[in-house]
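By convention in this document, chain letters (A, B, ...) are assigned in the order of the sequence lines, proteins followed by strands, and residues within each chain are numbered from 1. What you see is a predicted model, and the numbers here were worked out from it, not measured in a lab.
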Amino acid sequence: MQYKSVGCPTDSPLLFLRLQENVMSKLRVRFAPSPTGYLHIGGARTALFNFLLARKEQGTFVLRIEDTDVARSTQESVDAILQAMDWLGMACDEGPVYQSDRFDLYRAKIQQLVTEGKAYRCYCTAEELEQKRELALTQGRKPKYDGTCRQRQATIENQPYVVRFKAPQEGATTFNDRIKGDITFQNEELDDLILQRTDSTPTYNFVVVVDDAEMKINLVLRGDDHINNTPRQIMLYEALGYPVPEFAHVPMILGADKSRLSKRHGATSVMAYRDMGYLPEALVNYLVRLGWSHGDQEIFSMEELINLFSLENVGKSASVFNPEKLLWLNSHYIKTGHPARLAVLLCEHLKQEGIEVSPGPELEAIVVALQDRSKTLVEMAQQAQCFFGTEVQFDETAAAKFLTRDIGEIFETLFAALEACHDWKEEVLDEVFKGVLQATGLKFGKLAQPARVALTGSTNGPSICVIMEILGREKTLARLQGAVARLCD
RNA sequence: GUCCCUAUCGUCUAGCCCGGCCUAGGACACCGCCCUUUCACGGCGGCGACGGGGGUUCGAAUCCCCCUGGGGACGCCA
């Protein structure tokens, strides 16, 4: 008799079981920003760790917008966050899911807890609580809720209230953090947190649990400023009858003075780095190395990261944001980047600087000439500026030093030689240039530097023949002539 | 104040879990030399750390305890 099992995709029931188990344990992680501003460097790293892990484990990366604070959440912020994640190359598999669309779900869950006697109405006013908190703090006590309404039996009609969770007061809550190890809190340290505000909207600690559970998130990977929330959330998982996920808390990013990274320390917005001429791969590479390592390796492509990233190699302690190292990585990626791609990006920055690109030289050639000299695209755009326009912006000290009358005759010789050259390529120009050196008996530098100033206005830049090639025959000759006209003593 | 986390060069880190291979490795930054038509790039070299005190051990950066430093949380923010 032929073996046919129902709904079994393979001939082996055992293998099927294993497959199913595999599907069940598939990693599901999420990034859950609140849309009250741009995507922060710290948030980006958290998102990156989640993204990397999901890709590596072939799991699912969910994006959830935590907008329960209706007053402070904006669509612009959502767009900004989405744009930044896209720029960094982190696509989510599910979402964005908006919590503001799920208020009915939260309300039902709160009702469930109230019905089961696991939550209660609290009529204390915000002002009263504030006073009690301050008093406790000045008396050196822990400023936790005193439980005034916890034992109240009757409900008071027509009086505003919040819903509080009736938290277990005895025992301890322990969880095994994937990064930090075992962490234990005494339950007496925790108070009855608010689940629902006076305006009937749910609060963060509650919705985060409901959503993570409902979305079947099995690893909560987030900043370690959430460690203190974790025991309360575990209690909520248990009260709601949900399985408790695993947790992994990544250490914070600090500023140079070891305080929490903020605007005081420089740009903290991901997109600000794009505007400052940074490449996304540089930021990704920098961010991932902040807290994670793979031996002595410094340079990682996204593909490598997906293969190599693991929680085991994430450090436990906070790290300081070091703009210099990010800059070095950026210069690395500019040096090794594809000129065609960089040209497109450079073009945007040139436009930003108000430079007319259309009648100018090949951008790719400029990129190649400047790749080794630019740490950012903004820098590159500034250095590229001298190839555009008709007027040369002279650095006065350079002009005074190199554009002197005694060079006039030599420039005439150079001009004549260049004018006779019709194959306008670097190698050919190099021959022409050397010919002039021979004719005049000058050393390379004695001619190259004045010529560089004449053509670009500055003493710095790429090889003189590369400059001439990029500039083109007409512009080179015109600028040389222009320089002769302004020679001084 | 209470609770939680944490501790290797100025910074990011390797090594720690499974003590000896560590005279503590790499990277950024800084300094010097070389290369060089300039500026860069690059190459070579230098500076530079196991927070302190107790244990355990023949032996501790590595294991244990205390202290100290740093960070976080203590919201009707997330």
Between A:Y38 and A:T268, do the side chains contain a donor N or O and an acceptor N or O under 3.5 Å apart?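 Judged by distance alone, the side chains do pair up.
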Check the side chains of A:Q99 and A:R102 for a donor-acceptor pair under 3.5 angstrom, ignoring hydrogens and angles.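 Looking only at side-chain atoms, A:Q99 and A:R102 do not form any donor-acceptor pair under 3.5 Å.
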Would you mind pulling out the nucleotide paired to [N], Watson-Crick or G-U wobble, both distances under 3.5 Å?
{"N": "B:rU56", "result": "none"}
{"N": "B:rC35", "result": "none"}
{"N": "B:rC28", "result": "B:rG10"}
{"N": "B:rC21", "result": "none"}
{"N": "B:rC41", "result": "none"}
{"N": "B:rA73", "result": "B:rU2"}

Yes or no on side chain to side chain donor-acceptor pair (under 3.5 Å) for A:H249 and A:T230, after CA distance, side-chain angles and deciding distance? CA-CA 10 Å; A:H249 287 100; A:T230 307; 3.2 Å; yes
Test item: A:W424 side-chain N/O and A:M468 main-chain N/O as donor-acceptor pair under 3.5 Å: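 Yes.
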Look only at the side chain of A:Q186 and the backbone of A:E188, and say whether a donor-acceptor pair between them is shorter than 3.5 Å.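 It does not hold such a pair.
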Quick check: on RNA chain B, is the nucleotide nearest A:T36 upstream (toward 5') of the one nearest A:G461, or the reverse? Name the residue that is more 5'.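 Nearest-nucleotide comparison on RNA chain B picks A:G461.
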Base, sugar-phosphate alone, or nothing: which one does [X] contact when heavy atoms must sit under 4.0 Å apart?
{"X": "A:H226", "value": "base"}
{"X": "A:T198", "value": "base"}
{"X": "A:C124", "value": "base"}
{"X": "A:S331", "value": "nothing"}
{"X": "A:R72", "value": "base"}
{"X": "A:D199", "value": "nothing"}
{"X": "A:T201", "value": "nothing"}
{"X": "A:P33", "value": "nothing"}
{"X": "A:I183", "value": "sugar-phosphate"}

Rounded at 0.5 Å granularity, tell me how far CZ in A:R45 sits from OG in A:S319.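 Atom-to-atom, A:R45:CZ and A:S319:OG are 5.0 Å apart.
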Separation between CG of A:N330 and CG of A:L377, rounded to the nearest 0.5 Å: 7.0 Å
Could you go through nucleotides 9-12 of chain B and list every protein N or O atom that sits under 3.5 Å from one of its N or O atoms, giving the distance for each pair?
from   : atom 1 : to     : atom 2 : distance (Å)
B:rC12 : OP1    : A:V320 : N      : 2.8
B:rC12 : O2'    : A:R289 : O      : 3.0
B:rC12 : O2     : A:K325 : NZ     : 3.4

Which residues in residues 424-446 of chain A have at least one heavy atom lying under 4.0 Å from any atom of RNA chain B? A:F444, A:G445
Below 3.5 Å between N/O atoms, which protein atoms pair up with nucleotides 23-25 of chain B? Just atom names and distances, please.
from   : atom 1 : to     : atom 2 : distance (Å)
B:rG25 : N2     : A:D296 : OD1    : 2.8

So that I know where these two stand, are A:F444 and A:F433 an aromatic pair - ring centroids less than 6.0 Å apart?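 Centroid distance A:F444-A:F433: below 6.0 Å, so yes.
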I'd like to know whether the aromatic ring centres of A:F206 and A:F165 sit less than 6.0 Å apart in this structure. no
What verdict does the salt bridge (charged side-chain N to carboxylate O under 4.0 Å, His left out) test give for A:K180 and A:D224, after you've listed the backbone C-alpha separation in whole Å, the side-chain angles of each residue and the deciding distance to 0.1 Å? CA-CA 9 Å; A:K180 307 261 188 179; A:D224 76 2; 3.0 Å; yes
Base B:rC41 to side chain A:R373, donor-acceptor N/O within 3.5 Å cut-off: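 Checked by distance alone, the answer is no.
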Side-chain N or O of A:R197 versus OP1/OP2 of B:rA78: is the shortest distance under 4.0 Å? yes
Below 4.0 Å: OP1/OP2 of B:rG42 and any side-chain N or O of A:K335: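 For B:rG42, OP1 or OP2 has a side-chain N or O of A:K335 closer than 4.0 Å.
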With syn defined as a glycosidic angle within 90 degrees of 0 and anti as anything else, the base of B:rC64 is anti
Can the positive tip of A:R164 be found less than 6.0 Å from the middle of the six-membered ring of A:Y145, inside 45° of the ring normal?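 Yes, a cation-pi geometry.
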Atom pair distance, as rounded to whole Å: CZ in A:R133 and C1' in B:rG1: 15 Å
Between A:Y242 and A:D212, is a side chain to side chain donor-acceptor pair (under 3.5 Å) present by the stated rule, with each step listed? CA-CA 10 Å; A:Y242 289 131; A:D212 284 338; over 6 Å; no
